Enquirer: 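I have a structure I would like to understand better, so I am pasting it below and will then ask my questions one at a time.
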Amino acid sequence: MSDRKYWLMKSEPDVYSLDDLRTDEGQTTYWEGVRNYQARNMMRDDMRVGDGVLYYHSNAKPPGVAGLAEIVREGYPDFTSWDPEHHYFDPKSSEESPRWFMVDLRFVEQFADLVSLSELKEEADLDGLGVIRKGNRLSVQPVSAEHYDHIVAMGRAKGPVVTGKD
DNA sequence: GCCAACGTTGGC
DNA sequence: GCCAACGTTGGC
């Protein structure tokens, strides 16, 4: 059995969408700005290179899973937290004692159309999925292999996917 | 734009 | 350590 793990990570497409990730240099980005301890702990302690990521668009019309990414660098200090000029500055974080951590993501695949939140809610097989539980606002969530596979199948059923370059 | 659900902060 | 006040998230 593989020890590959799976995650769902939220981003507001107005801020940074899956299209942005696909068209960025190297199709890679660092996931800065997470300021929640639970989410931080998962990025710092639990994510491994190669883990699969469902790329979720929040605050979107409609919200939903736009495609896939993968972890290409494991947890390291979020340097935007100690830059006073930066939007994500936190005076309690410093280079000597970093409070916040991030990972690097690489684009993998974009669905022909996103799998909307309402579609996720309609799937009996996805019972217990974090993002469809009321009140769950965590921007980084673990996802079971079964749920991950199921959502990937839903996405691929929408038409030809756009894949990343090697 | 509203507001419910959460998380964090800080006075006591 | 409690908890009220406040700030944020994110669907609708």
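Letters A, B, ... mirror the listed sequences (proteins, then strands); counts begin at 1. Bear in mind that the values here come from a model prediction, so they are computed numbers and not experimental data.
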Enquirer: Once you round it to whole Å, what is the distance between P of C/dG10 and CG of A/L117?
Expert: 12 Å
Enquirer: Would you indicate whether A/R106, at its atom CZ, is surrounded by more than 12 heavy atoms from other residues, nucleotides or ligands within a distance under 6.0 Å?
Expert: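 Result for CZ/A/R106: open.
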Enquirer: In whole angstrom, what separates A/Q141's CD from C/dG10's P?
Expert: 9 Å
Enquirer: Identify the two heavy atoms, one from A/P142 and one from A/M42, that lie closest to each other, and give their separation to 0.1 Å.
Expert: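 Taking A/P142 first and A/M42 second, the nearest heavy atoms are CD-SD, 3.5 Å.
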Enquirer: For A/S81 and A/D78, indicate whether the former's side chain and the latter's backbone hold a donor-acceptor pair under 3.5 Å.
Expert: yes
Enquirer: Could you state the CE-C1' distance from A/M9 to C/dG10, rounded to the nearest angstrom?
Expert: 17 Å
Enquirer: Can you see whether A/Y6 has A/R4 sitting over its ring - NZ or CZ less than 6.0 Å from the centre and within 45° of the normal?
Expert: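 No, A/R4 does not sit over the ring of A/Y6.
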Enquirer: Which nucleotide sits closest to the side chain of A/K121: B/dG7, C/dG10, C/dC12?
Expert: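 For the A/K121 side chain, the nearest candidate turns out to be C/dC12.
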Enquirer: Expressed in angstrom and rounded to an integer, what is the separation of A/Y37 atom OH from C/dT8 atom C1'?
Expert: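 Rounded to whole Å, this separation is 15 Å.
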Enquirer: Does the gap between the ring centers of A/Y88 and A/W31 come in under 6.0 Å?
Expert: no
Enquirer: Do the non-hydrogen side-chain atoms of A/K10 and A/N59 ever get within less than 4.5 Å of each other?
Expert: no
Enquirer: Does any residue of residues 78-95 of chain A have a heavy atom under 4.0 Å from DNA chain B, and if so, which ones, in number order?
Expert: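 The answer is A/K92.
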Enquirer: Tell me if the OH atom of A/Y16 is crowded by more than 12 foreign heavy atoms within 6.0 Å.
Expert: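 Yes.
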Enquirer: Residues of residues 127-139 of chain A with any non-hydrogen atom less than 4.0 angstrom from an atom of DNA chain B: list those, numerically ordered, please.
Expert: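 Heavy-atom contacts with DNA chain B come from A/K134, A/G135, A/R137.
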Enquirer: OP1 or OP2 of C/dT9 less than 4.0 angstrom from a side-chain nitrogen or oxygen of A/Y56, does that happen here?
Expert: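 False: A/Y56 side-chain N/O out of range (4.0 Å or more) of C/dT9 OP1/OP2.
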Enquirer: Check every strand shown and say whether A/E12 touches a base, only sugar-phosphate, or nothing at a heavy-atom separation below 4.0 Å.
Expert: nothing
